[in-house]
Protein chains: 2
Amino acid sequence: MEADPANGHSMNTDLDIAFAALADPTRRAILSMLLEDDMAVTDVADPFEMSLAAISKHLTILTRAGLISQEKRGRVKWCKLEPDALRAASVWMQGFGQFEPVNLDAFERFLESEFRDGTPDDPRS
Amino acid sequence: MEADPANGHSMNTDLDIAFAALADPTRRAILSMLLEDDMAVTDVADPFEMSLAAISKHLTILTRAGLISQEKRGRVKWCKLEPDALRAASVWMQGFGQFEPVNLDAFERFLESEFRDGTPDDPRS
DNA sequence: AGCATATTCAACCAAAAGGTTGACCATGGA
DNA sequence: TCCATGGTCAACCTTTTGGTTGAATATGCT
């Protein structure tokens, strides 16, 4: 059952957990929601059609993956995105293909072009 | 079971498949091996302690995720890394790094138009 | 033709994932 | 104090996942 070949490729359990957490569409949707703002568990669960308990489990998985943190204030548990946890996964993916630096480059140009057209407060134009 | 909340967060099945494929350490190790060179199925299986059939299944999963391609030449099936498939996942993750209100769909179209003409975005020949 | 090699297929299995429901604790407010 | 609210726990169920084995298929070699 071991995934560690003889030549020393690592079997990073953190990555297992992170990618597995990201593999579920419900959990990715939750992360997207938290991108806009911190939310209480009940409010996170609201747009979904599954039970609160199910969402609670998803949040536990996201927490264990380090992708969110949960802090209880009063009787409300607030969920907060922890985007830094994506860094390990991102770094791993950077090992593949030169597309990542290119992407970052392209991303900047994309942002720039986004701002240039249709943005009223752009000095140039 | 639906992951599509009312406010329109997407439920991208491609991302499901890609992240799920990446969640397994054996499959990530395979990808790392293929980073160095194209390999036959038997050679991919060699450093692992599991059966050839198991590795064959892993390769099928990676293929379905688009992360590798397989081409049969003679009786040997060659496995080739397809790092472009990581792009969608990478773009999704980048949405969390920088907290820009960025239109990822537009970014995808932008990338497509960038790479459409004659760009050698394949690291190995 | 006959055999070895490369790979997949089919049936099976155990464990993990993702969901449900109902009971249970904790907290805030009347 | 009593009750509604917020959230988790425990038990259970079904489907998926990741592995096994042995047989089957396909190709190459001599």
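Here is how names work: the chains are called A, B, and so on, in the same order as the sequence lines, proteins then strands, and each is numbered from 1. Being a predicted model, the structure only gives us computed values, none of them experimental.
- A straight line from CE of A/Met50 to P of D/dG7 spans 17 Å, rounded to a whole angstrom.
- Atom NZ in A/Lys77 sits roughly 16 Å away from atom P in C/dC25 (whole-Å rounding).
- When rounded to the nearest whole Å, the span between CZ of B/Arg64 and P of D/dT17 equals 10 Å.
- When distances run from any side-chain atom of B/Ala40 to the nucleotides C/dG19, D/dG28, C/dT7, the shortest one goes to C/dT7.
- Of the candidate nucleotides C/dG19, D/dT27, C/dT7, D/dT27 has the atom lying nearest to any side-chain atom of B/Lys72.
- Within 4.0 Å (heavy atoms only), B/Arg73 reaches no atom of the nucleic acid at all.
- One can place CG of B/Asp16 at 15 Å from C1' of D/dT17, the figure rounded to the nearest angstrom.
- For the contact set between residues 51-60 of chain A and DNA chain C, defined by any heavy atom under 4.0 Å, the members are A/Ser51, A/Ala53, A/Ala54, A/Lys57, A/His58.
- Note: CD1 (A/Ile68) to C1' (D/dG7) measures 13 Å, nearest angstrom.
- Put simply, CZ on B/Phe19 is 18 Å from P on C/dA17, counting in whole angstrom units.
- Between A/Gln70 atom CD and C/dA26 atom C1' there is a gap of 16 Å when expressed in whole angstrom units.
- Closest contact between the side chain of B/Thr26 and the listed nucleotides D/dT27, C/dT7, D/dG19 involves D/dG19.
- Out of C/dT20, D/dT8, C/dT5, the shortest distance to the side chain of B/Arg75 is found at C/dT5.
- For B/Arg27, counting side-chain heavy atoms from C-beta on, the closest listed nucleotide (D/dG18, C/dG19, D/dT27) is D/dG18.
- Between the CD1 atom of B/Ile61 and the P atom of D/dT17 there is a distance of 7 Å, rounded to whole Å.
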